[in-house]
Each structure stands twice: as C-alpha cells, then as structure tokens.
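Source: prediction; values computed, not measured.
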Amino acid sequence: MDTDTVDTHQKRISTMKLKRVFAIIAVILLVGLYGSTLVFALSDSPNAAYLFKASIFCTVIIPVMLYGYMIIYRIFSRKSNSDQHQSDESTSDD
C-alpha cells in the first residue's frame with residue numbers, strides 16, 4: 001500500500017474516533033440538560049422557576065450553537081482544503 005494512502009486512512013480513522021467521542025459527550029450533555037430540566041420543573045425551591053427557565057434556554061441554545069459550529073467548521077475546512085489543493089496544483093505546474 002502507498003504511504004500516502006496509509007496516512008490518509010489513519011487520519012480518517014482518527015477523525016472518526018474523535019467525532020464519535022464528541023457525539024458521546026454531546027449525548028451525555030443533552031441527557032444531563034433534560035434531567036436537570038425535569039428536576040427543576042418538579043422542584044419546590046424558590047429558585048426553581050429561574051433554574052427551570054435557564055435549563056430550558058440551555059436545552060435549546062446549546063444544540064443550536066453546536067450545530068452552527070459544525071456548519072461553520074465544514075465551510076472553512078472545505079475552503080482550506082480547496083485552497084491547499086489549488087496551491088499544490090500551482091506548485092506542481094512549475
């Protein structure tokens with residue numbers, strides 16, 4: 001096997017593992033947010049209403065922000081890959 005192919009394959013595997021770890025962290029975070037929302041909704045503390053509102057806010061905003069970060073990352077990583085590919089082509093033409 002070509003060394004470039006092996007390096008690309010190893011990078012792809014490490015990227016997949018990293019994505020899997022982040023996905024597990026996101027699931028744990030969301031389950032924690034949903035659990036805290038339920039606890040605050042059922043709590044009879046004087047601060048429970050404020051904590052409940054904050055928990056609902058975080059349950060909505062955190063996933064939306066993470067999704068936005070993922071979209072921005074995809075856009076910038078494509079641009080940097082295409083820029084790098086174009087610079088590689090221009091140097092190989094010389």
Side-chain angles (χ1 to χ4, degrees):
M1 217 185 244
D2 190 4
T3 57
D4 291 336
T5 307
V6 172
D7 290 341
T8 304
H9 182 68
Q10 289 176 347
K11 286 180 185 178
R12 191 174 302 141
I13 289 173
S14 66
T15 302
M16 288 174 49
K17 287 182 181 180
L18 186 64
K19 286 181 181 180
R20 187 172 294 159
V21 168
F22 282 134
I24 291 170
I25 290 170
V27 167
I28 292 170
L29 179 68
L30 286 174
V31 168
L33 284 171
Y34 295 145
S36 67
T37 302
L38 180 65
V39 168
F40 295 143
L42 300 176
S43 177
D44 198 22
S45 170
N47 293 329
Y50 299 116
L51 294 172
F52 177 71
K53 289 177 186 178
S55 183
I56 291 290
F57 177 79
C58 289
T59 301
V60 173
I61 294 300
I62 289 175
V64 169
M65 288 180 61
L66 290 175
Y67 183 70
Y69 291 148
M70 288 186 332
I71 290 174
I72 291 170
Y73 175 76
R74 285 183 196 156
I75 290 170
F76 284 118
S77 68
R78 284 183 189 160
K79 284 184 180 180
S80 67
N81 286 341
S82 65
D83 291 345
Q84 183 181 13
H85 182 66
Q86 287 175 355
S87 68
D88 289 344
E89 286 178 355
S90 66
T91 57
S92 65
D93 290 341
D94 292 337

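- With sequence neighbours excluded, the residues satisfying side-chain contact (heavy atoms from CB on, under 4.5 Å) with I13 are H9, K17.
- Listed by first and then second residue, the side-chain hydrogen bond (donor to acceptor under 3.5 Å, both in side chains) pairs involving residues 48-57 are S36-S55, T37-S55 (not counting sequence neighbours).
- Grouped with M70 in one hydrophobic cluster are Y67, I71, I75, the linkage being side-chain heavy-atom contacts under 4.5 Å among Ile, Leu, Val, Met, Phe, Trp and Tyr residues.
- Linking ILVMFWY residues whenever their side-chain heavy atoms come closer than 4.5 Å, directly or via other members, leaves L38 and L33 in distinct clusters.
- Every residue two or more places apart in sequence or in another chain that forms a side-chain contact (heavy atoms from CB on, under 4.5 Å) with A48 is listed here: S43, S45.
- In this structure, CG in L66 is found 8.0 Å from CG in L30, a value given to the nearest 0.5 Å.
- Note on residues 18-34: no pairs pass side-chain hydrogen bond (donor to acceptor under 3.5 Å, both in side chains), not counting sequence neighbours.
- Evaluation of the side-chain contact (heavy atoms from CB on, under 4.5 Å) rule for M65 yields I61, Y69 as partners, not counting sequence neighbours.
- Note that the CG atom of L29 and the OG1 atom of T59 stand 9.0 Å from one another [nearest 0.5 Å].
- I24 forms part of a hydrophobic cluster together with I28, judged by ILVMFWY side-chain heavy-atom separations under 4.5 Å.
- Chaining together hydrophobic side chains whose heavy atoms lie under 4.5 Å apart places V31 alongside V27.
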